[in-house]
Amino acid sequence: MSSSSAPRSFSPSTADAPSLAPLTFQDRIGVPLHATRHSSRVLSQSTRIHILNDKLTDDQARQLGHLVVHLGGQLTSTPSAANIIITALTAPKRIAKHIHPDDAASKFLVSPQWLHHVQRTGLLVDPDEYAVTRRSGTKRALDDHQTESAQHSKRPRLDSDTLLDGHNATDTPSGPSQADSERPFPWQNTKFACKRPSPLKCINQALVDELEVIHAERRLTGDSYSEMAYMRALSAIKAYPRSLANAPSQADKIKGVGKKVALLVHQFFTEGRIVEAKIIRRDPAIATIKSFTELYGIGPVGAREAYNEGCRSFADVLGKGRSLATALSVSESLRILPDLRRPIPRHECESITEMIMTMLDAILPGCVHTICGGYRRGKAQSYDLDIVVGHPRASRAVLHSLFDKMKRQGLVSHVVSISTPQDDEATDVHVDVAHLVVVPPNSGGLHRRVDLVFAPETVYGAAVLGYTGSIVFERDIRVWCRSRGYKFSFTGVTRLADNVVVDTPTEESVFELFGLPFMPPRWRNCDA
DNA sequence: CGGCAATAAC
DNA sequence: CGTAT
DNA sequence: GCCG
């Protein structure tokens with residue numbers, strides 16, 4: 001594709017719609033620089049729509065274009081930049097002339113009626129309902145009234161009886177969630193993820209997985225506050241202990257779930273999927289951008305830029321030679337990526353830790369340690385290893401001694417980053433961190449990401465808590481903490497009144513200080 | 001309508 | 001600033 | 001996008 005970077009526009013050729021502003025095309029991925037304020041947009045930026053002019057008059061095409069923009073969607077100048085293509089054509093051969101063969105499979109090809117239906121209902125209608133090339137059923141494209149009424153009248157709703165109390169969870173079917181009896185305390189309707197137990201897999205996990213698709217798309221497109229809203233909403237649903245299948249309208253009573261997500265929840269349980277997630281799942285642009293973020297040091301912005309500059313493969317990204325400010329070059333990152341994609345089973349987390357702790361013991365005996373991260377939350381496998389070590393005060397630069405020893409033994413293949421040694425006697429507490437790539441012996445030469453954290457025992461509890469996650473749990477414990485007059489980080493807890501660091505030798509001491517019931521690590525799985 | 005975690009490295 | 005934890 |  002020709003890299004049309006800046007938004008382009010043209011003025012209407014025929015002057016019979018004078019009130020309309022010129023149409024604006026946007027072929028790039030990502031939220032517009034000046035996000036147009038739609039109070040409640042029907043189409044999000046995940047719908048990038050191209051209108052085939054063929055068989056439409058200029059005027060019709062322009063009207064449709066304005067409708068797309070009016071509904072909050074993005075208009076593209078080429079078919080390949082879109083994920084939805086509107087056309088009045090019906091003959092496959094004629095359509096094929098406009099669509100690159102590579103694109104044909106992934107694009108939704110819809111009739112203009114789709115857009116009108118979207119406008120009429122104010123909902124993102126499944127584009128497959130208006131597919132111009134037949135899928136399983138050929139009759140859909142014409143009878144939009146029928147599909148509409150069918151969707152709205154079907155399915156009984158039996159959600160009036162059940163209430164949001166969470167105590168008498170009598171109806172716990174054979175769900176895949178972990179033993180509910182282990183739940184440390186009952187669910188409560190709170191906006192703080194750190195106050196509600198969240199299992200590894202919840203009873204509404206299929207819904208959570210669907211919302212996660214939208215969340216990931218918001219992250220990749222840079223819609224950051226929408227991203228956060230989805231993250232928190234799915235987190236809230238994840239903690240909800242009862243099935244929403246027969247009571248989808250209960251969803252908007254859960255704190256963190258608002259009008260929009262409640263609508264999606266309803267759609268999921270009445271129609272079996274969320275349309276927006278379906279569109280995103282089929283969007284190759286999103287998949288490509290996501291794959292770029294697998295490279296260390298390339299996040300949503302870098303991945304998006306690469307994509308918008310025409311990159312479609314790792315080789316393309318490598319060709320760009322963007323190694324911006326990362327210890328791991330793109331080529332190195334690419335080289336070890338196959339290894340880093342391999343999950344680390346729990347027993348290997350343990351054996352690597354044992355090896356490292358044995359080495360440490362020869363340097364400074366008597367340190368305590370905890371394997372944190374997903375491992376501690378009970379995940380069967382992880383993609384990195386977080387080891388938090390607690391050492392007696394007065395021991396300085398322990399991490400660096402250990403690090404040297406590991407290097408000498410050839411265990412360290414890459415130093416992603418390591419905190420600068422605190423040479424002088426800094427009076428305040430210092431937590432040392434090393435982000436390494438390690439090649440453990442006896443594991444087939446696989447590269448493994450290992451994070452080492454060295455904390456004085458006075459803040460060991462905060463460090464362990466800070467490295468156990470999950471992300472939403474961490475964020476909310478900080479929010480809660482501030483509301484109680486403290487500031488929390490993995491380096492310790494500070495009382496805001498006098499800026500004094502409070503002793504937090506154990507996790508329990510942190511929870512107690514904050515007036516929070518202790519949350520067992522296995523119940524901190526607040527993320528999808 | 002303001003706010004949305006905190007921190008370190010690059 | 002963007003990325004990572 | 002949601003909460004207070």
Side-chain angles (χ1 to χ4, degrees), chain A residues 31 35 37-41 44-45 72 189-194 211 214-215 217-219 222-237 251-264 276 292-306 322-330 333 372-374 382-388 415-420 422 430-436 449-453 459 462-463 465-483 486-494 496 526:
Chain A
V31 291
R37 284 259 144 336
H38 279 277
S39 52
S40 76
R41 50 183 186 187
S44 74
Q45 85 282 347
N189 200 4
T190 167
K191 68 169 189 151
F192 293 99
C194 55
L211 291 170
I214 304 178
H215 164 247
E217 189 269 354
R218 297 295 193 268
R219 187 176 75 89
D223 203 343
S224 41
Y225 286 126
S226 179
E227 177 208 344
M228 176 144 49
Y230 278 98
M231 186 177 65
R232 305 195 81 96
L234 74 84
S235 170
I237 289 170
D252 74 340
K253 301 194 176 130
I254 301 174
K255 288 193 177 164
V257 178
K259 217 178 118 189
K260 176 69 181 288
V261 173
L263 208 61
L264 300 182
E276 186 166 1
F292 292 167
T293 64
E294 284 191 292
L295 297 170
Y296 196 93
I298 297 186
V301 174
R304 223 158 49 222
E305 278 173 7
R322 55 173 69 245
S323 63
L324 284 159
T326 168
L328 223 52
S329 69
V330 173
S333 187
C372 297
S382 0
Y383 292 88
D384 66 359
L385 173 55
D386 302 291
I387 307 171
V388 175
V415 184
V416 178
S417 74
I418 185 162
S419 57
T420 48
Q422 200 78 3
H430 191 253
V431 176
D432 275 315
V433 181
H435 299 144
L436 310 175
R449 276 283 289 106
V450 176
D451 294 341
L452 291 175
V453 179
V459 299
L465 178 50
Y467 273 90
T468 296
S470 59
I471 291 170
V472 175
F473 189 90
E474 294 293 329
R475 296 171 85 144
D476 275 357
I477 210 158
R478 283 161 173 81
V479 173
W480 174 258
C481 172
R482 270 200 178 267
S483 77
Y486 297 91
K487 182 174 61 159
F488 175 85
S489 97
F490 69 94
T491 62
V493 175
T494 308
L496 289 169
C526 312

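Values below: every heavy atom of this structure, side chains too, minus hydrogens, waters and symmetry copies. Reminder, nothing fancy here: chain letters follow the sequence lines and each chain counts from 1.
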Review point. Which part of the nucleic acid does A:Val416 contact within heavy-atom distance under 4.0 Å: base, sugar-phosphate only, or nothing?
Key: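 A:Val416: no heavy atom of the nucleic acid under 4.0 Å.
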Practice item. Let me have DNA chain C in dot-bracket notation, would you? Count Watson-Crick plus G-U wobble pairs, both distances under 3.5 Å, and use [ ] for pairs crossing earlier ones and | for inter-strand partners. Key: ..|||
Review point. For atom C1', what is the distance between B:dT7 and C:dG2, given to the nearest Å?
Key: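 After rounding to an integer number of Å, I get 14 Å for this pair.
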Review point. With a non-hydrogen cut-off below 4.0 angstrom, is A:Val433 in contact with a base, only sugar-phosphate, or nothing?
Key: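 The residue A:Val433 makes no contact with any strand.
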Practice item. May I ask you to evaluate whether A:Lys191 reaches the phosphate of D:dC3, defined as a side-chain N or O under 4.0 Å from OP1 or OP2? Key: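 So the side chain of A:Lys191 is outside the cut-off, no N or O lying under 4.0 Å from OP1 or OP2 of D:dC3.
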Review point. The side chain of A:Arg41 lies closest to which of these nucleotides: C:dA4, D:dG1, C:dT3?
Key: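 Of C:dA4, D:dG1, C:dT3, D:dG1 is nearest to the side chain of A:Arg41.
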Practice item. Give the rounded distance in Å between these two atoms: CG of A:Asp432 and P of C:dT5. Key: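 Roughly 18 Å, once rounded to whole Å.
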Check your understanding: Just how far, in rounded Å, is C1' of D:dG4 from NZ of A:Lys255?
Key ->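 Atom-to-atom, A:Lys255 to D:dG4, this comes out as 10 Å.
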Check your understanding: Got a sec, which residues hit salt bridge (charged side-chain N to carboxylate O under 4.0 Å, His left out) with A:Glu227, two or more places apart in sequence or on another chain?
Key ->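 Salt bridge (charged side-chain N to carboxylate O under 4.0 Å, His left out) list for A:Glu227, sorted by chain: empty.
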Point to revise | Contacts of type salt bridge (charged side-chain N to carboxylate O under 4.0 Å, His left out), residue A:Glu217, not counting sequence neighbours | key: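 Checked A:Glu217 against salt bridge (charged side-chain N to carboxylate O under 4.0 Å, His left out); zero matches.
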Review point. Within a strict 4.5 Å, meaning less than it, do heavy atoms of the A:Ile471 and A:Glu474 side chains meet?
Key: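 A side-chain contact under 4.5 Å is absent here.
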Check your understanding: Contact class for A:Asp384 (heavy atom, under 4.0 Å): base, sugar-phosphate, or nothing?
Key ->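 Answer is nothing: A:Asp384 stays at 4.0 Å or more from every strand.
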Point to revise | Closest non-hydrogen atom pair between A:Gly256 and A:Ala236, with its separation | key: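 Closest approach of A:Gly256 to A:Ala236, heavy atoms only: CA-CB, 4.5 Å.
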Practice item. Identify whether any heavy atom of A:Arg449 sits under 4.0 Å from a base atom; if not, whether one sits that close to sugar-phosphate; answer base, sugar-phosphate or nothing. Key: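 Counting heavy atoms under 4.0 Å across all strands, the contact made by A:Arg449 is with sugar-phosphate only.
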**Study point:** Partners meeting side-chain contact (heavy atoms from CB on, under 4.5 Å) with A:Tyr383 (sequence neighbours left out)
**Key:**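 So A:Tyr383 forms a side-chain contact (heavy atoms from CB on, under 4.5 Å) with A:Pro343, A:Gln381.
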Point to revise | Nearest atoms (heavy-atom pairs only) where A:Trp480 meets A:Cys194 | key: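 Residues A:Trp480 and A:Cys194, closest heavy atoms: CB-SG, 4.2 Å.
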Exercise for review: Applying side-chain contact (heavy atoms from CB on, under 4.5 Å), name anything that partners A:Ser417, two or more places apart in sequence or on another chain.
Suggested key: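 A:Ser417 satisfies side-chain contact (heavy atoms from CB on, under 4.5 Å) with A:His435 once adjacent residues are dropped.
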Check your understanding: Using a cut-off of 4.0 Å on non-hydrogen atoms, how would the nucleic acid contact of A:Thr491 be classed: base, sugar-phosphate, or nothing?
Key ->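 If one applies the 4.0 Å heavy-atom cut-off, A:Thr491 turns out to touch nothing in the nucleic acid.
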Review point. Looking at the side chain of A:Phe490, which of D:dG4, D:dC2, B:dT7 is the nearest nucleotide?
Key: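 Output: B:dT7.
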**Study point:** Matching residue for A:Leu452 among A:Ile418, A:Asp432, A:Ile387 - test: side chain to side chain contact (heavy atoms under 4.5 Å, CB included)
**Key:**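 Single pass found, and it is A:Ile387.
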Review point. Hey, does A:Leu452 reach any base, or is it just sugar-phosphate, or nothing, if we go heavy atoms under 4.0 Å?
Key: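 No contact at all - A:Leu452 keeps every heavy atom at 4.0 Å or more from the nucleic acid.
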Practice item. Name the closest nucleotide to the A:Pro300 side chain, picking from C:dT3, D:dC2, B:dA9. Key: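 For A:Pro300, the side-chain atoms sit closest to C:dT3.
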**Study point:** Single hit among A:Asp386, A:Val388, A:Thr491 for side chain to side chain contact (heavy atoms under 4.5 Å, CB included) with A:Val453
**Key:**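 Between A:Val453 and the candidates, side chain to side chain contact (heavy atoms under 4.5 Å, CB included) is satisfied uniquely by A:Val388.
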Exercise for review: Can you figure out which of D:dG4, C:dT5, C:dG2 approaches the side chain of A:His435 most closely?
Suggested key: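 Nearest nucleotide to the side chain: C:dT5.
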Within the sub-3.5 Å range, which N or O atoms of nucleotides 3-6 of chain B have a protein N or O partner, and how far apart are they?
residue: B:dA5; atom: OP1; partner: A:Arg475; partner atom: NH2; Å: 2.9
residue: B:dA5; atom: OP2; partner: A:Arg475; partner atom: NE; Å: 2.9
residue: B:dA5; atom: OP2; partner: A:Arg475; partner atom: NH2; Å: 3.4
residue: B:dA5; atom: N7; partner: A:Arg475; partner atom: NE; Å: 3.2
residue: B:dA5; atom: N3; partner: A:Arg478; partner atom: NE; Å: 3.2
residue: B:dA6; atom: OP1; partner: A:Arg482; partner atom: NE; Å: 2.3
residue: B:dA6; atom: OP1; partner: A:Arg482; partner atom: NH2; Å: 3.4
residue: B:dA6; atom: O4'; partner: A:Arg478; partner atom: NE; Å: 3.2

